[in-house]
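First up is the structure itself, then whatever we jot down about it.
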Amino acid sequence: NESYERELHNVKNLEARLVDGLIISLTKETVNTDYLQDLLDRNIPLVLFNRVCDLDVPKVIIDDYKLAFEAVEHLIKQGYKRIAHLAGPENLELSQMRKKGYTDALKKHQMEICPELIIPCGVMMEKGVIAAHRILEMENKPDAIFAINDPVAIGAMKTLQKNGIRVPEELGVVGFSDSKMAVIVEPNLTSVEQPTYDMGKVAAELLIEQLKNKKNTPIINKCITLNAKLNVRESSKKSGIES
């Protein structure tokens with residue numbers, strides 16, 4: 001439930017059950033990772049995936065910067081001029097990279113970066129709803145949204161639609177993570193598809209590699225970056241404009 005306290009409790013519970021190693025994706029609240037460093041100091045292997053921090057451990061990620069850049073550039077090429085970013089928690093590396101991808105895409109196309117259009121949101125759907133109400137109060141509203149993830153994108157999109165804003169005619173929307181909801185919601189949501197199966201497989205392989213390391217010497221720190229892709233759907237396609 002995106003709770004640091006729950007994460008800490010679960011890790012300590014697993015440690016008490018003498019697990020051989022851990023594969024972890026951090027919560028939105030996780031800022032202090034001293035408890036993970038403590039595990040490392042006691043030679044308990046760790047692998048981080050998707051939501052990672054600066055611990056010196058193997059990691060499995062996608063190129064969040066590249067995919068965010070591509071998502072925002074897609075909106076620009078569709079003719080959207082004033083693009084908002086519903087941003088994730090600043091403590092997460094993926095939030096930082098997706099925000100940088102957003103700003104750099106705007107810079108490439110000589111578009112203004114407006115601080116009021118970068119809206120801190122977190123990662124839950126209700127935060128997207130709150131962001132949508134903030135957008136509705138703006139005098140100069142955005143005509144597109146790039147959201148940190150699908151729940152935030154969908155929460156914002158449905159709220160704006162309920163208030164008479166047509167998607168994609170008046171507002172284009174792009175999410176991230178390509179959840180099951182992306183192809184159920186109307187219009188279908190443009191989103192970045194993450195290689196979730198491969199991410200789990202590679203993370204397990206990295207952990208097993210550490211467990212097989214008989215000499216108790218530190219494993220070479222690896223950061224594996226997997227491919228992802230932008231799936232363009234109706235939520236961001238203006239009539240008559242190719243992706």
Side-chain angles (χ1 to χ4, degrees), residues 1-69 87-101 120-124 127 148-152 175-180 191-229:
N1 291 334
E2 297 294 346
S3 164
Y4 168 74
E5 294 300 326
R6 177 78 61 88
E7 177 179 273
L8 181 61
H9 171 79
N10 287 343
V11 169
K12 288 186 176 298
N13 187 42
L14 289 166
E15 181 191 4
R17 293 172 181 267
L18 304 178
V19 295
D20 292 313
L22 291 167
I23 300 173
I24 300 174
S25 181
L26 301 173
T27 79
K28 68 175 184 178
E29 295 180 353
T30 304
V31 177
N32 185 344
T33 56
D34 289 348
Y35 69 105
L36 295 179
Q37 184 60 55
D38 181 56
L39 296 179
L40 292 175
D41 292 342
R42 287 182 283 118
N43 294 318
I44 297 176
L46 300 178
V47 175
L48 296 178
F49 74 99
N50 191 34
R51 297 184 188 176
V52 303
C53 62
D54 59 1
L55 282 175
D56 190 25
V57 299
K59 303 177 180 74
V60 187
I61 59 172
I62 63 169
D63 192 335
D64 289 285
Y65 170 84
K66 176 185 174 184
L67 272 299
F69 187 102
E90 278 294 331
N91 59 296
L92 296 177
E93 187 175 305
L94 63 79
S95 299
Q96 299 165 22
M97 290 298 101
R98 291 176 195 178
K99 180 179 176 182
K100 181 167 173 53
C121 271
V123 296
M124 307 295 276
K127 298 297 185 180
I148 184 66
N149 64 10
D150 283 6
V152 169
F176 210 109
S177 67
D178 210 36
S179 63
K180 292 180 180 178
S191 187
V192 173
E193 179 183 350
Q194 296 174 290
T196 51
Y197 175 86
D198 289 340
M199 191 170 282
K201 182 173 183 290
V202 172
E205 289 170 348
L206 288 170
L207 185 63
I208 291 167
E209 186 178 345
Q210 292 184 77
L211 295 172
K212 287 181 177 178
N213 183 15
K214 304 295 185 183
K215 297 179 180 178
N216 278 331
T217 55
I219 193 170
I220 297 174
N221 187 19
K222 295 181 179 179
C223 184
I224 307 296
T225 303
L226 302 178
N227 292 325
K229 65 177 180 177

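Side-chain atoms are counted along with the backbone in the values below, which use heavy atoms only and exclude waters and symmetry mates.
- In this structure, Asp150 contributes its side chain and Ser179 its backbone to a donor-acceptor pair below 3.5 Å.
- Legend: residues meeting salt bridge (charged side-chain N to carboxylate O under 4.0 Å, His left out) with Glu193, ordered by chain and number and at least two apart, are Lys229.
- For the salt bridge (charged side-chain N to carboxylate O under 4.0 Å, His left out) test, residues two or more places apart in sequence or in another chain that qualify with Arg42 are Glu15, Asp38.
- Ile24 places none of its side-chain heavy atoms less than 4.5 Å from the side chain of Phe49.
- Contacts of Asp56 classified as side chain to side chain donor-acceptor pair (under 3.5 Å), with partners at least two apart in sequence or in another chain: Asn221.
- Between the side chain of Glu90 and the backbone N or O of Gln96 there is no donor-acceptor pair closer than 3.5 Å.
- In this structure, Ile44 and Asp20 have side chains that are not in contact, with every pair of non-hydrogen atoms separated by 4.5 Å or more.
- Remark: Ser25 engages no residue in a side chain to side chain donor-acceptor pair (under 3.5 Å) (not counting sequence neighbours).
- Put simply, the side chain of Ser95 reaches to within 4.5 Å of the side chain of Ile148, judged on heavy atoms.
- Geometric assessment of Arg98 against the ring of Tyr65 yields a negative cation-pi assignment under the 6.0 Å and 45° thresholds.
- Within the 4.5 Å cutoff, the side chain of Val11 has no heavy atoms near those of the Leu8 side chain.
- Under 3.5 Å, the side chains of Gln194 and Asn50 contain a donor-acceptor pair of N or O atoms.
- A heavy-atom distance below 4.5 Å is not found between the side chains of Val47 and Val57.
- You'll find the side chain of Leu206 reaches within 4.5 Å of the side chain of Lys222, heavy atoms only.
- Side-chain contact between Ile224 and Leu226: present, with at least one pair of heavy atoms (C-beta onward) separated by less than 4.5 Å.
- Applying the salt bridge (charged side-chain N to carboxylate O under 4.0 Å, His left out) rule to Lys59 yields no partners; only residues at least two apart in sequence or on another chain are considered.
- Residues passing the salt bridge (charged side-chain N to carboxylate O under 4.0 Å, His left out) test with Lys100, sequence neighbours excluded: Asp104.
- No donor-acceptor contact under 3.5 angstrom links the side chains of Thr225 and Asp63, judged on distance only.
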